[in-house]
Amino acid sequence: MNTFIKKLLVLTALSLPLLPAQHAMQAQCGNHINNSIYENLPFDMPKVEQPVFPDYSVNIVQFGAKNDGITLNSKAINHAIKEVNAKGGGTVIIPEGLWLTGPIELLSNVNLYTEKNALVVFTDDFEAYPIIKTSFEGLETRRCQSPISAWNAENIAITGHGVFDGAGDSWRPVKKGKLTASQWENLVKSGGVVDKSVWYPTAGALKGALACKEFNNPEGIETEEEWNEIRPWLRPVLLNIVKSKKVLLEGVTFKNSPSWCLHPLSCEHITINKVKVFNPWYSQNGDALDLESCKNALIINNIFDAGDDAICIKSGKDEDGRRRGEPCQNVIVKNNTVLHGHGGFVVGSEMSGGVKNIYVSDCTFLGTDVGLRFKSTRGRGGVVEDIYINNIHMIDIPHEPLLFDLFYGGKGAGEETEEELEGRMKANVPPVTVETPAFRNIHISNIVCKGSGRAMFFNGLPEMPIDNISVKHVVISDAKEGIVISQAKNVTLEDIRIETKGKVLQIKNAENVKVNGKDYD
């Protein structure tokens with residue numbers, strides 16, 4: 001009798017997630033985007049198309065998945081996705097529980113729905129992630145396959161209430177200066193190797209780092225054996241969706257990514273709504289969102305806490321980006337909160353395919369290194385234009401609430417010395433070519449910031465000054481320094497209030513600057 005009762009209890013426990021999950025899924029998919037978001041846009045863009053799914057669902061438990069945190073559920077989850085795709089579409093339900101898995105590949109017409117208290121943890125076994133050809137930091141290269149990915153898919157979604165953990169601490173290097181003494185001591189004791197005050201998880205990760213002359217793409221790695229040796233350095237983005245249409249991320253939480261967290265690339269009609277991203281502040285390249293070469297996008301009602309840039313708009317790097325030739329365009333960024341990041345809203349530095357028609361409004365930045373950050377450098381090419389930013393609130397910004405930096409050197413704000421920056425600025429002025437980046441037609445209004453470093457810094461290129469920039473209705477209090485405008489033209493500052501003990505305004509190598517109706521030479 002006792003044995004029978006135990007077996008009955010086990011069977012009941014396995015079947016419980018099936019019924020409530022379907023009701024929750026139907027409620028979640030009933031949400032709609034309010035069309036008022038398109039009202040009064042300063043440019044024309046179509047409404048972003050939302051995915052629609054047939055009323056058919058399966059539960060990953062039906063395919064053998066176990067929520068014990070020990071069983072690797074990769075086959076079960078991907079089998080469920082393939083099953084729904086083959087049936088013409090529907091929903092794959094991940095119920096409550098702790099689900100360990102390897103890479104998940106989304107297919108067309110599938111909504112991956114997570115119940116409340118569903119925790120999906122990706123394995124920290126590097127060998128579970130094949131090395132594939134992909135794009136990272138704007139360059140064609142090879143990286144490990146992402147924990148979540150989709151290629152050439154249409155009508156896909158990840159929705160619900162669950163959490164996806166990318167096991168990023170197993171992959172990431174960590175700088176000593178970003179930890180306390182005890183944290184650093186414990187990290188070193190855990191294993192790995194240390195080089196120049198940077199901890200690496202393995203010797204292979206260090207070898208991969210040493211093979212990178214610029215940013216994080218290794219050079220001189222030729223054989224499969226060499227690629228496999230540096231596999232731990234080939235940190236994947238947590239979610240990589242490529243060349244896909246009608247994409248929805250809604251309600252779920254993504255955390256602890258190996259490098260960037262969310263990376264939609266060359267997608268059309270993409271919505272990221274009510275999503276949360278959490279990365280440790282020390283996470284190298286721990287961007288929250290990198291929207292690259294995408295068209296028609298909504299980034300709305302989200303919370304981002306990043307180790308690098310938070311909301312970042314990109315379009316490829318240098319020759320690779322120009323050859324792709326896909327600008328990031330028609331994007332609405334609205335009602336987002338950023339808790340930490342190198343920049344709250346960022347354009348660049350990989351913007352070689354161009355960026356245009358971006359509307360940012362009603363966002364809050366709490367302690368980001370920089371607030372609104374525009375960055376690029378010689379060699380990129382590309383044009384950034386028609387950017388509109390309105391109604392941004394910030395506190396405790398240690399550097400600039402508004403920064404244009406066309407001499408970007410790859411480091412975060414405050415990590416580079418004035419001497420390093422001035423050294424690059426003293427280089428010979430090259431002629432204007434396809435490698436010259438251009439930033440123009442950028443309009444910013446209704447900004448309030450309490451507590452900052454330098455209030456604003458415009459630092460364009462002498463051969464291509466920042467052009468046609470308007471900044472209106474701004475209050476920046478408790479600023480350590482005022483406004484510096486350099487290498488810019490056709491700049492309008494109107495109704496600007498800066499509270500600082502230093503100089504309020506410095507202008508050099510600029511033309512046609514107008515401040516509160518007064519022209520400055």
Side-chain angles (χ1 to χ4, degrees), residues 121-122 124 136-138 143-144 146-148 163-180 183-184 186-187 190 192 197-201 205 208-209 212 215-216 232-240 253-263 272 275-292 299 302-314 336-350 363-371 373 375 394 396-399 403 408-416:
V121 177
F122 291 94
D124 59 4
F136 181 63
E137 290 190 338
R143 308 291 292 185
C144 287
S146 290
I148 306 172
V163 177
F164 294 88
D165 188 306
D169 285 320
S170 300
W171 296 82
R172 288 189 300 265
V174 179
K175 294 179 179 178
K176 182 178 181 179
K178 293 195 173 185
L179 300 181
T180 65
Q183 287 174 331
W184 176 255
N186 290 334
L187 181 62
S190 70
S197 299
V198 179
W199 176 88
Y200 296 88
C212 297
F215 290 80
N216 295 295
W233 175 253
L234 304 177
R235 298 173 291 143
V237 299
L238 174 53
L239 178 142
N240 188 211
T253 297
F254 300 93
K255 68 179 293 288
N256 199 18
S257 59
S259 61
W260 296 351
C261 194
L262 308 181
H263 183 210
I272 301 176
V275 162
K276 300 180 182 69
V277 172
F278 298 107
N279 271 338
W281 81 275
Y282 58 81
S283 55
Q284 296 293 112
N285 313 111
D287 298 25
L289 168 64
D290 292 278
L291 190 75
E292 182 171 357
I299 313 299
N302 304 293
I303 297 176
F304 298 119
D305 192 352
D308 206 304
D309 290 326
I311 306 168
C312 197
I313 308 297
K314 298 179 181 291
N336 299 288
T337 299
V338 178
L339 304 180
H340 182 271
H342 286 185
F345 171 79
V346 182
V347 176
S349 71
E350 303 96 77
C363 292
T364 301
F365 304 150
L366 307 170
T368 58
D369 293 352
V370 175
R373 186 183 190 192
K375 56 181 179 176
M394 315 181 212
D396 302 329
I397 307 298
H399 300 284
L403 172 65
Y408 177 64
K411 296 183 179 181
E415 294 182 352
E416 184 175 55

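Side chains included, hydrogens not; waters and symmetry mates left out as well; all remaining heavy atoms used.
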Counterpart residues, side chain to side chain contact (heavy atoms under 4.5 Å, CB included), relative to D396 (two or more places apart) | none

Nearest-0.5 Å distance, CG of residue D290 to CG of residue L239 | 11.5 Å

Which atom pair, heavy atoms only, marks the closest approach of P173 to Q284?
-> O-CG, 3.2 Å

Nearest-0.5 Å distance that lies between atom CD in E137 and atom OG in S349 = 8.0 Å

Residue list, side-chain hydrogen bond (donor to acceptor under 3.5 Å, both in side chains) with Y200, at least two apart or on another chain = none

Within the distance-only criterion (no hydrogens, no angle test), does the side chain of H340 pair as donor or acceptor with the backbone N or O of T368 below 3.5 angstrom?
-> no

List in chain and number order the residues that pass ring pair (Phe, Tyr, Trp, His ring centres under 6.0 Å) with F136, two or more places apart in sequence or in another chain; answer none if no residue qualifies.
-> W260

Taken in chain and number order and not counting sequence neighbours, the residues that satisfy side-chain hydrogen bond (donor to acceptor under 3.5 Å, both in side chains) with T180 are S182, Q183

Under the salt bridge (charged side-chain N to carboxylate O under 4.0 Å, His left out) test, residues paired with K255 that sit two or more places apart | D165

Closest approach of G192 to W199 (non-hydrogen atoms, all atoms of both residues) | CA-NE1, 3.8 Å

Atom of Y282, atom of D169 and distance for their closest heavy-atom approach | OH-OD1, 3.3 Å

Here the pair of heavy atoms bringing G344 nearest to A310 is O-CB, 3.5 Å

Give a yes or no answer on whether the side chain of S259 reaches the backbone of P236 with a donor-acceptor pair at less than 3.5 Å.
-> yes

Considering non-hydrogen atoms only, spot the tightest contact between G371 and I397 and give its length.
-> N-CG2, 3.8 Å

Between CZ of F304 and CZ of F278, what distance do you get to the nearest 0.5 Å?
-> 10.5 Å

What residue among T253, I303, I299, L262 forms side-chain contact (heavy atoms from CB on, under 4.5 Å) with V275?
-> L262

Can you tell me how far SG of C261 sits from NE2 of H263, rounded to the nearest 0.5 angstrom?
-> 12.0 Å

Under the side-chain hydrogen bond (donor to acceptor under 3.5 Å, both in side chains) rule, collect the residues that match up with S257, sequence neighbours excluded.
-> N279

Evaluate the side-chain proximity of R172 to N256: yes if any heavy-atom separation is below 4.5 Å, no if none is.
-> yes

With sequence neighbours excluded, tell me which residues meet salt bridge (charged side-chain N to carboxylate O under 4.0 Å, His left out) with E350.
-> K314

Residue set satisfying side-chain hydrogen bond (donor to acceptor under 3.5 Å, both in side chains) with H342, at least two apart, ordered chain then number -> D308

Has K276 got more than 12 heavy atoms of other residues, nucleotides or ligands less than 6.0 Å from its NZ?
-> no

Residue list, salt bridge (charged side-chain N to carboxylate O under 4.0 Å, His left out) with K176, at least two apart or on another chain | none

Between C312 and G348 the two heavy atoms that sit nearest each other are SG-O, 3.2 Å

Would you find a donor on one side and an acceptor on the other, under 3.5 Å apart, between the side chain of N336 and the backbone of N302?
-> yes

Sequence-distant partners of D309, salt bridge (charged side-chain N to carboxylate O under 4.0 Å, His left out), two or more places apart | R373, K375

Tell me, please, which residues at least two apart from W171 pass ring pair (Phe, Tyr, Trp, His ring centres under 6.0 Å).
-> F126, Y129

With sequence neighbours left out, the residues meeting ring pair (Phe, Tyr, Trp, His ring centres under 6.0 Å) with F345 are none

Does the side chain of L289 come within less than 4.5 Å of V277's, by heavy atoms?
-> no

